[in-house]
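Here the structure comes first, spelled out in structure tokens, and everything after it is commentary.
Counting begins at 1 with the first residue of the sequence.
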Amino acid sequence: LVPGFIDLQVNGGGGVLFNNAIDVDAVRAIAGAHASVGTTSILPTLISGTRPQIDAALSAARKAVEQKVPGMLGLHIEGPFISPARRGIHPATSVRQMTDEDAELLGSSGLSTLLLTLAPERVSAARIGALATRAVTVFAGHTDATAYQARAGLHAGITGFTHLFNAMSQFGSRAPGAIGAALADPSAYAGIIVDGFHVDPISIAAAHAAIGPARLFLVSDAMATAASDTGEFDLNGATIRLRAGKLTDDSGTLAGAHLTMVDAVRNAVDMVGLPLGDALRMATATPASCMGLRDRGRITPGCRADLVCLGNKLNILNTWLGGRVVGPA
């Protein structure tokens, strides 16, 4: 029996992509799909939206929180204030600089749990600090920052890194990049995608050794195909197809992941060789700590009755969300 999984990067699930349906019904469907496979808390994630889309996502998240949609935590806005050189699947036409209007919209979101991924070399330290003081959790991601630019962002108020190793300046002996800054910082968190495609198992093991399970946490980066029979979907006019467990566009660019948190835990143990206790912590207590969530991620009096019963092969036997049975799928 383990705490319910907490996923801070969920683009979609159950056949629904949040970017394509930015409303409460989509949030409910995505959260429900992931709850059926053991993930009892999610941050729906918007992929480099326009300002109207960001506004709509914030509104949908507020309404979902007000309506107490099961499993709904808040919102993750990933981009569009990112590096054009490290945009990955994010559309080039959406990538832009942050304006005063953007900063005010984000800083006055009304959400108690809001995660923002940005490139620290593209947003001033003053603006990062101002957002952090207004209850926005700021992560570095999709960034081409030098290690020193990333470190300056950390000093300004950034507290973690989005999908470590992916879409960021790489680690080198004389150019440590954003990865070097993440591995060297004594307090930064980092999410990581463990699906066998995004990051080599040895790199994951190295990050685990450097950062440890108290700050390295699992994310799914799940797309619409997760927890569903969907084999393809549209993202900003591009068709994303699932082939042999891997999601790509027609050019071969990775487009999120066909992954759930229980899969990530299993892969961390079987593929990477991490201790089961560490893998479970990276899917529960660590993301809870990262977002300051004291009522979940552990099995202890006072915490939510979000629970998962796992079998010997780390298969889900049952899931409870707030004490109510919601699984298995």
In Å, rounded to the nearest 0.5 Å, how long is the span from CG of L276 to CG of L310? 8.0 Å
Cluster overlap W320 with M261, hydrophobic side-chain contacts below 4.5 Å: no
Taking the six-membered ring for Trp, are H142 and H163 parallel (under 30°), tilted (30 to 60°) or perpendicular (over 60°)? perpendicular
Rounded distance (nearest 0.5 Å) linking atom NE2 of H76 with atom CD1 of I42: 12.5 Å
Steps toward side-chain contact (heavy atoms from CB on, under 4.5 Å) verdict (L154, F161): CA-CA 10 Å; L154 288 163; F161 292 80; 4.0 Å; yes
Please tell me if the side chains of I6 and L73 come closer than 4.5 Å, counting only heavy atoms from C-beta onward. yes
Same hydrophobic cluster for V219 and L247, using side-chain heavy-atom links shorter than 4.5 Å among ILVMFWY? no
If you group Ile, Leu, Val, Met, Phe, Trp and Tyr by side-chain heavy-atom gaps below 4.5 Å, do I316 and L314 land in one group? yes
Residues Y189 and A214: closest non-hydrogen pair is CE2-O, 3.5 Å
Measuring from C309:SG to L317:CG, what's the distance to the nearest 0.5 Å? 4.5 Å
Do any N or O atoms from the side chain of D306 and from the backbone of L321 form a donor-acceptor pair under 3.5 angstrom? no
So does P213 get a backbone contact from the side chain of D278, meaning a donor-acceptor N/O pair under 3.5 Å? no
Would you mind reporting whether T253 and T248 have side-chain heavy atoms less than 4.5 Å apart? no
For the pair S41 and R304, evaluate side chain to side chain donor-acceptor pair (under 3.5 Å) and give the outcome as yes or no after the intermediate values. CA-CA 11 Å; S41 297; R304 289 177 51 84; 5.4 Å; no
P201 side chain near V272 side chain, heavy-atom distance below 4.5 Å: yes
Find the distance between OG1 (T45) and CD (E78) and round it off to the nearest 0.5 Å. 6.5 Å
Just how far is it from atom OG1 of T159 to atom CZ of F139, taken to the nearest 0.5 Å? 5.0 Å
Backbone of D234 reached by a side-chain donor or acceptor of N20 within 3.5 Å: yes
Between the side chains of T117 and T162, is a donor N or O closer than 3.5 angstrom to an acceptor N or O? yes
Specify the closest pair of heavy atoms between Q67 and V24, including all atoms of both residues, with the distance to one decimal. OE1-CG1, 3.5 Å
Flag the pair R296 / T40 as yes when at least one side-chain heavy-atom distance between them is below 4.5 Å, and no otherwise. no
Check against side-chain contact (heavy atoms from CB on, under 4.5 Å), L218 and I192: CA-CA 5 Å; L218 302 174; I192 197 162; 4.2 Å; yes
Below 4.5 Å, heavy atoms only, C-beta onward: do L216 and M282 meet side chain to side chain? yes
Within the supplied structure, the quantity of interest is the number of heavy atoms (other residues, nucleotides, ligands) at a distance under 6.0 Å from R51 CZ; does it exceed 12? yes
If I take atom CG from residue N166 and atom CD1 from residue I193, how far apart are they, to the nearest 0.5 angstrom? 5.0 Å
Can we say D263 and R266 salt-bridge, meaning some charged N sits less than 4.0 Å from an Asp/Glu carboxylate O? yes
Give a yes or no on whether the backbone of A285 and the side-chain of S289 come within a donor-acceptor separation of less than 3.5 Å. no
Can a salt bridge be assigned to the pair R241 and D250 using a cut-off of 4.0 Å between side-chain N and carboxylate O? yes
Return yes when atom CD1 of I202 has more than 12 non-hydrogen atoms of other residues, nucleotides or ligands closer than 6.0 Å, and no otherwise. no
Please check: side-chain N/O of Q170 versus main-chain N/O of M168, any donor-acceptor pairing under 3.5 Å? yes
Note: F217 and C290 closest approach over all heavy atoms is CE2-SG, 4.0 Å
Run R122 and I82 through side-chain contact (heavy atoms from CB on, under 4.5 Å) and show every step you take. CA-CA 7 Å; R122 303 265 293 173; I82 56 176; over 6 Å; no
Do D102 side-chain atoms and T99 backbone N/O form a donor-acceptor pair below 3.5 Å? yes
Side chain proximity check, L254 to I89, heavy atoms < 4.5 angstrom: no
Decide, yes or no, whether a salt bridge links D185 with R215 under the criterion of side-chain N to carboxylate O below 4.0 Å. no
Worked check of side-chain contact (heavy atoms from CB on, under 4.5 Å) between Q149 and T143: CA-CA 10 Å; Q149 288 173 319; T143 172; over 6 Å; no
Give a yes-or-no answer on whether the side chains of T39 and D7 include a donor-acceptor pair shorter than 3.5 Å. no
Testing the basics here: between P120 and G153, what is the closest heavy-atom pair and its distance to 0.1 Å? CB-CA, 4.3 Å
I want to check something: taking the side chain as every heavy atom from C-beta on, are T113 and L115 in contact at a cut-off of under 4.5 Å? no
So does R86 pair up with D144, basic N to acidic O under 4.0 Å? yes
Is L43 reachable from F18 through a run of I, L, V, M, F, W or Y residues, each pair having side-chain heavy atoms under 4.5 Å apart? no
Any link between L259 and V262 through a network of hydrophobic side chains (Ile, Leu, Val, Met, Phe, Trp, Tyr) touching at under 4.5 Å? no
May I ask you to decide if H90's main-chain N or O and S94's side chain share a donor-acceptor pair within less than 3.5 Å? no
Backbone N/O of S109 and side chain of R62: donor-acceptor pair under 3.5 Å: yes
Minimum heavy-atom separation for L242 and G245, please, with both atom names. CD1-C, 3.6 Å
Of all heavy-atom pairs linking A119 and S83, the shortest is CB-N, 3.7 Å
Any side-chain heavy-atom pair of S169 and T146 under 4.5 Å: no
